[in-house]
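One structure is given below, encoded as structure tokens.
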Protein chains: 2
Amino acid sequence: MKSKGIKSKAVQNEAPHEGQGLSRFAPYLINRIAHRYNQSLQDAVTELGLTIPKMRVLAALAAMGKLSVNELTVVAVAEQSTMSRTLDQMERDGLINRMKSQADSRMRVVQLTQSGLMAYREVWPQMSEAEDALFVGLSKDQRDGFLDTLSQILLNIRKHDF
Amino acid sequence: MKSKGIKSKAVQNEAPHEGQGLSRFAPYLINRIAHRYNQSLQDAVTELGLTIPKMRVLAALAAMGKLSVNELTVVAVAEQSTMSRTLDQMERDGLINRMKSQADSRMRVVQLTQSGLMAYREVWPQMSEAEDALFVGLSKDQRDGFLDTLSQILLNIRKHDF
């Protein structure tokens, strides 16, 4: 830690959660759930010859149609270097192709090939099973309300308009 | 992709979300929110001479008391190699120390030093601000219900009993 020292008396006072656990701290719960969901899919996607980033690209393109590389990086929650490498491999494997955007010929967009769409349909049951595992014991209303809140939160904090 | 070919007719059929976006797919929303929350704290923790893993270790130990390295790795959502490096640096910087567990002398546990506790109190306002940014426009009831659902989901899918 840079030796900035303690700047104010405020930090002498107890902060929330001290000695209380983190079970009411939303970001803690969200990070643990995200990590566990991804881990739970790891074996299944490896078995299909995929990776988590490739699975996300398949799902994003199947759900949203053509996307630019920047859009894909945001939507598939990847680092740019990871996305670039992932797309190279997926193109080589015939799962996607890249083409000039019809809207703006200076821009290139990525789209699924037929084989990529088949790969999405093959991996989807694994994604769906891992999703259902989250919601065991919750009612349809709770699940719907939870999705509504998640949507609102993403709207609150996202930096892009998608 | 390994050339396993298409195994069944099932994949010829359309799968959920095709052409529909992912706005009702919970893991997509959760992953994007987790990533954006972490990104939003990046600058603030760097300014304090911390990293996201170090911030998580401070919060976990402040909230939960002494933890083993394995527990910390799960709770702070880190890879083991990252956690190991992070703890070495934090010990060097006087934020944590490691000691024999009183319950089991073969086990070592990690605890915050006084300086580590001060560092948690210094970074907490940033964490709190980033948390509040999630919930803009949501009522207290919605926020509480959301936390209840997150807790249930973590119970559903966690691999450890903590």
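Because the structure is a prediction, the values reported are computed rather than measured. Just so we're on the same page: letters track the sequence lines, and every chain starts at 1.
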Among the listed options [options], the residue most often paired with chain B at heavy-atom distances under 4.5 Å:
| options | result |
| --- | --- |
| A:R24, A:R158, A:Q142 | A:R24 |
| A:T149, A:L29, A:I33 | A:I33 |
| A:D148, A:L154, A:N31 | A:N31 |
| A:G94, A:A62, A:G145 | A:A62 |

Given the options [options], which has more heavy-atom pairs under 4.5 Å with chain A than any of the others?
| options | result |
| --- | --- |
| B:M64, B:K159, B:H35, B:R36 | B:R36 |
| B:L61, B:L138, B:V75 | B:V75 |
| B:A34, B:S40, B:A59, B:G65 | B:A34 |
| B:G137, B:A63, B:A60, B:P125 | B:A63 |

Interface moiety of [X] toward chain B, non-hydrogen atoms closer than 4.5 Å:
| X | answer |
| --- | --- |
| A:F25 | both |
| A:Q20 | backbone |
| A:N38 | side chain |

_Is B:M127 in contact with chain A via its backbone, its side chain, both, or neither, using a 4.5 Å heavy-atom distance?_
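Both parts, backbone and side chain.
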_Which atoms of B:S23 approach chain A - backbone, side chain, both or neither, heavy atom under 4.5 Å_ =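 For B:S23, backbone heavy atoms alone lie under 4.5 Å from chain A.
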*Is there a side-chain contact between A:L67 and A:V110, using heavy atoms and a 4.5 Å cut-off?*
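Side-chain contact under 4.5 Å: no.
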*Does A:Q102 reach the side chain of A:K66, with side-chain heavy atoms less than 4.5 Å apart?*
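Contact flag for A:Q102/A:K66 side chains = yes.
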*Polar contact flag, side-chain donor to acceptor under 3.5 angstrom, B:D93-B:Q89*: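 On atom types as modelled, these side chains do not qualify, holding no pair under 3.5 Å.
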*Only pairs at least two apart or in different chains count here, so list each side-chain hydrogen bond (donor to acceptor under 3.5 Å, both in side chains) that has a residue in residues 124-135 of chain A.*
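Qualifying pairs, neighbours excluded: A:D132-A:R143.
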*Nearest 0.5 Å please: distance from the OG1 atom of A:T51 over to the CZ atom of A:R56.*
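Taking OG1 in A:T51 and CZ in A:R56, the distance rounds to 9.5 Å.
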_Residues, nucleotides or ligands: over 12 heavy atoms within 6.0 Å of A:E79 CD_ =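 Counting other residues, nucleotides and ligands, CD of A:E79 stays at 12 neighbours or fewer.
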*Is the number of heavy atoms from other residues, nucleotides or ligands within 6.0 Å of CD (A:Q39) greater than 12?*
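More than 12 heavy atoms, drawn from other residues, nucleotides or ligands, come within 6.0 Å of this atom.
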*Is B:R92 salt-bridged to B:D88, going by a charged N under 4.0 Å from an acidic O?*
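B:D88 and B:R92: not salt-bridged.
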*asked:* Using a 4.5 Å cut-off between side-chain heavy atoms of Ile, Leu, Val, Met, Phe, Trp and Tyr, which other residues end up in the same hydrophobic cluster as A:M107?
replied: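 Members alongside A:M107: A:M99, A:V109.
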